[in-house]
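I have placed the structure first, in the form of structure tokens, so that the comments after it can refer back to it.
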Amino acid sequence: MSFPLDSLLNASFSLREVIAGPGHAGAALGFGLALAMQGRAAARPAGLLWVREAAAVAEAGGVYGPGLNALGLSPNTCIVVEARSLIDGLRATLEGARCAALHAVVLETVAPIDLTASRRLKLASEKSGVDIVLIRHGGRVTPNAAQVRWRVQGAPLMDPDGRRPPTFEAVVLKSSSGLDGRSCIVEWDHERQCFSQTVSQSVDAVPVVGSLAA
Amino acid sequence: MPFLSSDRWQRETGSSTDLPRVFVAKVKGVSQLAAVDARALAAGLRTGMALADARARLPRLHAVAADPSADGAFIAHLGDLSLAFTPSVALDPPNGLALDITGCSHLFAGEAMLAARLEKTLCAAGVSVVRLAVAPTPDMARALARFSPVNPCFAEDDVLVRALPVAALECAEDDATALRRAGLKTIAEIADRPSLLFTARFTSAFTAKLARILGEEDNRITPRDKRVRYRAEQRCAEPVASHDVIAGLLSDLVASVCAQLGERSVGGRIFTGIFMRADGVVRRIRVETSQPTRTPDVILRLYRDRLETLADPLDPGFGFDVICFEAIRVEPWIESQGTFNAQDDQKDKVAQLVDRLSTMFGRERVMRLHPLDSHVPERAQTMLPAALSASSQEWGQGALQAQAGLRPLLIYARPHPIDVKSDANDRPESVRWRRVTHRIAQAIGPERIAEEWWRPPSDYGTRDYYRVESSEGRRFWIFCGASGDERQRWFLHGVFS
């Protein structure tokens, strides 16, 4: 069932940015990786390039393979690059964006990415069809060329069995279709590889009937 | 180079004493002098003398243990420097080099100029005395270099060699004594007599050596780098310092080497570019690929990436004289026809991307995840360089799916100690991490993970893991470890998505 933010969530864009709410690094990463896996066509099954800035590694921790498949991401399709600095990370992302055999590139940083750099990334991504997702751990919002920008934090699951898929509360900070300011609580269905809604709330008072996940 | 050992010592330690220096090695239990330096030679010490005798002559002596391997390394380095003059360089033990300069001398405006430049290069590398000789055969050159009073010595025929003493034949002690007793002092006297006499008295090896020294027979030296076949080099009439010109030359060389590789249907895995500067500094830039290749574009791209990210940039200085390009390691590789299987094509592209990233940032920064067989969480996976390991298929689907949601997305290599207040049932109620207190809404667990008894005990002991969720929706993986003492300590190990 589609919901208002479906077009933003379950679609593929060249350049997206995810900003973590304070202390919600894990949620932002999960959300960002899920975005990167969107629309994975059968023609490009392999290859996610995950570029991590050194400061982000210190802040958030190391990648843990067994945890990746809660998102449906198979660890043997990931290549992880640990860049010493932001410049190295941007170069690695640019190289990955030029390689048409990858599905997506995820760049995880603490420092913001400026307009020029993000424009170059977007151009490279449009040319080769490789999606790029920028994930930032906290900080102010700076303008860049991302087409959609989210602020994400984890949403309480209240799940005594621990079987519920990861749930996020996402607020749209910038979008190309005028949906700014809307928020929703979504969960990631890793079998179907798409976001589905748990409860939807929008800023304006139009009530939307959302379907509860079974 | 008669004083090679002391030159090497000087180069390494940089110390200078006024004492004569000798290098001592034990031969048959007796300490003998293996090498002497100039001052010791002037004072009358010779190689082969016993150390006790030497000390008797010169009480104040600086004796150092002889290090043949370090001498060998030094001479190999000098051999590398001489590669700028000719590709055919051999080591002439114990302290010399043999260069075959057939056809090379015209590049340096004559043999005299070549000898002068070689001497200058070697002196710049730290050698104090160089004795040079140029001769038609290697043995004649060796004899002239070591025994002729003229330095440098250019011989066209055997006139100079005939004036050498008999010691220049370098034959065994007994033979030398026999020759002396017979009254033969110079090689000329030996050469003038019929050689049959010497073959009968000494062996035919002796007469063969004599013939080679006199220039009647010839043999070839065995150059050091015999195996390198895929090589192209460019010698510049004037040193080149402009980056564009250097790039152009490099791409020509790469194309030439790739053609050579193609003739034999091999692909290169490791390539070296050797840049020799006009002042003698040699710089080697190495590039590796994970699959054999002979496509010039791929190799040039890797070189461009490497040159951009060098910590110590390639500085031409006054310019490069010689640029060589070699393929060091090759593997058979037959260029297959483009398959209809797009997956292979993609794997190639991903492999090339991994190569480029590894060249730019170093192999250890580009990694893949591999599972390890351990129930302890931090040992359940390892990250290996992607260039060395293909993507692993061992992440079994069944085992992982069963664990979906049970393991965090991120894990800290060293679990962070946290403060936890637990309620009456010992379940965590509030967690304080990084100076922020989180109230726990829900905790799932405990999951007990014991240590591996076959390893030394870790700091954490048997752990009880909880998946906790705070009231704001943050999800952590914490554990309570008890090791040794009864006091329980809480740690935070990972973060869920």
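Naming: A, B, ... by sequence-line order, numbering from 1 per chain.
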So, the part of B:Arg475 with a heavy atom under 4.5 Å from chain A: the answer is side chain
If you compare all heavy atoms of A:Gly26 against all heavy atoms of B:Leu409, which two are closest, and at what distance to 0.1 Å? O-CD2, 4.1 Å
Most heavy-atom pairs under 4.5 Å with chain A, out of B:Arg434, B:Met367, B:His416, B:His438, belong to B:Met367
Interface moiety of B:Ile411 toward chain A, non-hydrogen atoms closer than 4.5 Å: both
Let me know if B:Arg301 has heavy atoms under 4.5 Å from chain A in its side chain, its backbone, both or neither. side chain
With a 4.5 angstrom heavy-atom cut-off, is it the side chain or the backbone of A:Phe31 that approaches chain B, or both, or neither? neither
Count the heavy-atom pairs under 4.5 Å between each of A:Gly62, A:Gly21, A:Ala27 and chain B, then report the option with the highest count. A:Gly62
Pairing residues for A:Glu17 by the side-chain hydrogen bond (donor to acceptor under 3.5 Å, both in side chains) criterion, not counting sequence neighbours: A:Asn144, A:Arg149
Most contact-rich option vs chain B, by heavy-atom pairs under 4.5 angstrom, among A:Ala28, A:Cys78, A:Ala60, is A:Ala60
Part of A:Arg84 lying under 4.5 Å from any heavy atom of chain B: both
Atom CZ of B:Arg306: over 12 foreign heavy atoms under 6.0 Å: yes
What are the two closest non-hydrogen atoms of B:Ser471 and A:Pro156, and how far apart are they? O-CG, 3.7 Å
Can you list the residues of residues 355-364 of chain B that sit under 4.5 Å from chain A, counting heavy atoms only? B:Arg356, B:Leu357, B:Met360, B:Phe361
Out of curiosity, B:Glu472 CD to A:Glu169 CD, how far, rounded to the nearest 0.5 Å? 11.0 Å
How about B:Val350 and A:Ile79: do any of their side-chain heavy atoms sit closer than 4.5 Å? yes
Is the CZ atom of A:Arg119 crowded by more than 12 outside heavy atoms at less than 6.0 Å? no
Crowded around B:Trp453 CH2? As in, over 12 foreign heavy atoms under 6.0 Å? no
Without swapping roles, check the side chain of B:Arg365 against the backbone of A:Val81 for a donor-acceptor pair under 3.5 Å. no
Does any backbone or side-chain atom of B:Val354 lie under 4.5 Å from a heavy atom of chain A? Answer side chain, backbone, both or neither. side chain
Between A:Leu68, A:Leu49, A:Val152, A:Val63, which has the largest tally of heavy atom pairs under 4.5 Å with chain B? A:Val63
Interatomic distance, CG@B:Leu410 vs CD@A:Glu59, rounded to 0.5 Å, equals 10.5 Å
Non-neighbouring partners of B:Arg286 that pass side chain to side chain contact (heavy atoms under 4.5 Å, CB included), sequence neighbours left out: B:Ile270, B:Thr272, B:Glu288
In terms of heavy-atom proximity below 4.5 Å to chain B, should A:Ala58 be classed as side chain, backbone, both, or neither? backbone
Pick whichever of A:Ala34, A:Gly30, A:Ala155 has the most heavy-atom pairs under 4.5 Å with chain B. A:Ala155
According to side chain to side chain contact (heavy atoms under 4.5 Å, CB included), who are the partners of B:Ser422, at least two apart in sequence or on a separate chain? B:Asp426
